[in-house]
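Before any comments, here is the structure.
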Amino acid sequence: VINAQFTKIGGGMAFSSGFKFHNMDDEANQSGHFTAFVKGIYEISQSLQISPSYTIFYPNVTEDANTKTVVSSMMFDINGHYVFMSYDRFEFYGLAGLDILLAWKKDKYESSDTFKESDNALGLNAGAGTCLKITEQAALFAEAKYIISKYGQLMLNAGILINLSSLKGSEKQGK
């Protein structure tokens with residue numbers, strides 16, 4: 001019997017190896033490395049989960065004598081988790097999924113001219129993660145994933161998840 005439902009929601013910070021906008025080697029085309037994200041966990045069964053997330057990158061700003069360049073990006077992911085080990089407080093899982101990256105670059109020249117361009121990329125995620133339950137209501141998690149795409153990058157995510165089912169239980173007890 002499958003009893004699927006959203007069970008956890010949370011967020012955190014990540015470090016990315018970054019990507020080069022339009023794959024151009026100039027340092028001004030490098031994306032930011034630090035991100036913030038929100039994510040949810042939708043449990044299909046004890047060992048299968050779906051995890052949608054939204055990530056925004058801290059923009060990379062470079063300036064020289066004549067130009068200010070800003071590379072900004074965000075991404076949407078839908079990952080599947082397969083929990084291959086679950087202990088009392090620990091959970092280890094593999095992840096695979098789909099990644100949609102949206103990126104923008106803005107060059108502002110000393111002459112007041114501004115040149116803007118954008119790009120997007122579809123990619124695949126592959127990685128692994130772990131979750132540590134610290135209370136009935138909260139868990140810490142960490143993930144490492146590689147995004148296979150024209151803007152391929154390695155990401156290390158860490159954050160906190162709130163257990164929605166335990167919050168519903170505490171609401172019922174309070175009434």
Side-chain angles (χ1 to χ4, degrees), residues 1-20 30-60 71-103 120-175:
V1 175
I2 295 176
N3 183 19
Q5 61 182 344
F6 262 106
T7 57
K8 296 177 183 106
I9 191 164
M13 304 292 287
F15 178 79
S16 164
S17 62
F19 62 89
K20 299 206 182 281
Q30 178 69 39
S31 72
H33 293 287
F34 295 98
T35 75
F37 64 89
V38 293
K39 73 182 280 172
I41 302 286
Y42 187 85
E43 285 189 5
I44 295 173
S45 69
Q46 257 187 327
S47 59
L48 290 176
Q49 304 168 344
I50 296 174
S51 178
S53 66
Y54 168 74
T55 304
I56 188 157
F57 287 71
Y58 186 77
N60 182 40
V71 176
S72 305
S73 54
M74 69 177 166
M75 48 185 207
F76 301 93
D77 289 319
I78 298 179
N79 291 316
H81 294 178
Y82 178 74
V83 179
F84 56 88
M85 270 195 278
S86 184
Y87 299 110
D88 183 38
R89 293 195 162 296
F90 287 101
E91 190 175 86
F92 299 97
Y93 55 89
L95 71 84
L98 186 64
D99 172 77
I100 299 169
L101 178 97
L102 306 170
N120 56 46
L122 187 62
L124 299 174
N125 296 324
T130 185
C131 194
L132 168 64
K133 187 178 359 173
I134 52 176
T135 68
E136 287 301 314
Q137 293 84 19
L140 298 175
F141 73 94
E143 294 176 343
K145 67 180 176 181
Y146 187 78
I147 301 168
I148 304 161
S149 136
K150 76 177 179 179
Y151 292 137
Q153 58 189 305
L154 175 67
M155 293 195 74
L156 304 173
N157 301 346
I160 189 164
L161 291 168
I162 304 301
N163 185 345
L164 297 175
S165 59
S166 71
L167 291 179
K168 289 177 187 174
S170 63
E171 285 175 5
K172 289 178 185 177
Q173 291 175 351
K175 290 184 178 181

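Values below: every heavy atom of this structure, side chains too, minus hydrogens, waters and symmetry copies.
- Side-chain atoms of Ser51 come within 3.5 Å of backbone atoms of Gly40 as a donor-acceptor pair (strictly under, hydrogens ignored).
- Contact of the Leu98 side chain with the Leu122 side chain is registered, since non-hydrogen atoms from C-beta on lie closer than 4.5 Å.
- Within the 4.5 Å cutoff, the side chain of Arg89 has no heavy atoms near those of the Tyr87 side chain.
- Closest approach of Leu161 to Gly10, counting heavy atoms only: CD2-N, 3.9 Å.
- To the nearest 0.5 Å, atoms OG (Ser73) and CG (Leu102) are separated by 9.0 Å.
- Residues meeting the side-chain hydrogen bond (donor to acceptor under 3.5 Å, both in side chains) test with Lys133, sequence neighbours left out: none.
- Rounding to the nearest 0.5 Å places CG of Leu132 at 10.5 Å from CD1 of Ile160.
- Here the CD atom belonging to Gln30 is positioned 8.0 Å from the OG atom belonging to Ser17, to the nearest 0.5 angstrom.
- Residues Tyr82 and Tyr93 keep their aromatic ring centres 6.0 Å or farther apart.
- With ring centers used as reference points, Phe34 lies 6.0 Å or more from Phe57.
- The nearest pair of heavy atoms linking Ile147 to Met155 is CD1-SD, 3.8 Å.
- At a threshold of 4.5 Å between non-hydrogen side-chain atoms, the residues Phe141 and Lys39 count as touching.
- For Tyr146, the OH atom sits in a packed shell: over 12 heavy atoms of surrounding residues, nucleotides or ligands are nearer than 6.0 Å.
- The aromatic rings of Phe19 and Tyr151 sit tilted, their planes meeting at an angle between 30° and 60°.
- Between Leu101 and Gln153 there is a side-chain heavy-atom pair separated by less than 4.5 Å.
- Put simply, the side chain of Asn60 does not reach to within 4.5 Å of the side chain of Ser31, judged on heavy atoms.
- Each of Gln46, Met85, His81, Gln49 was compared with Glu91 under the side-chain contact (heavy atoms from CB on, under 4.5 Å) criterion, and only Gln49 meets it.
- Taking 4.5 Å as the limit, every side-chain heavy atom of Thr7 sits out of range of all side-chain heavy atoms of Leu164.
- Dense packing is recorded around CZ of Phe92, with more than 12 heavy atoms of other residues, nucleotides or ligands lying under 6.0 Å away.
- Taken to the nearest 0.5 Å, the CD1 atom of Ile78 stands 8.0 Å off from the CD1 atom of Ile50.
- One distance of note links CG of Asn79 with CG of Leu124; it measures 10.0 Å at 0.5 Å rounding.
- Side-chain atoms of Asp77 never come within 3.5 Å of backbone atoms of Ser53 as a donor-acceptor pair (strictly under, hydrogens ignored).
- Between Phe37 atom CZ and Met13 atom CE the span is 9.0 Å, to the nearest 0.5 Å.
- Side-chain contact check for Met75 versus Thr35: every heavy-atom pair is 4.5 Å or farther apart.
- The two residues Ala144 and Leu156 have their closest heavy-atom pair at CB-CD2, 3.7 Å.
- For the pair Met74 and Tyr54, the tightest heavy-atom approach, listed with the atom from each and the gap, is SD-OH, 3.2 Å.
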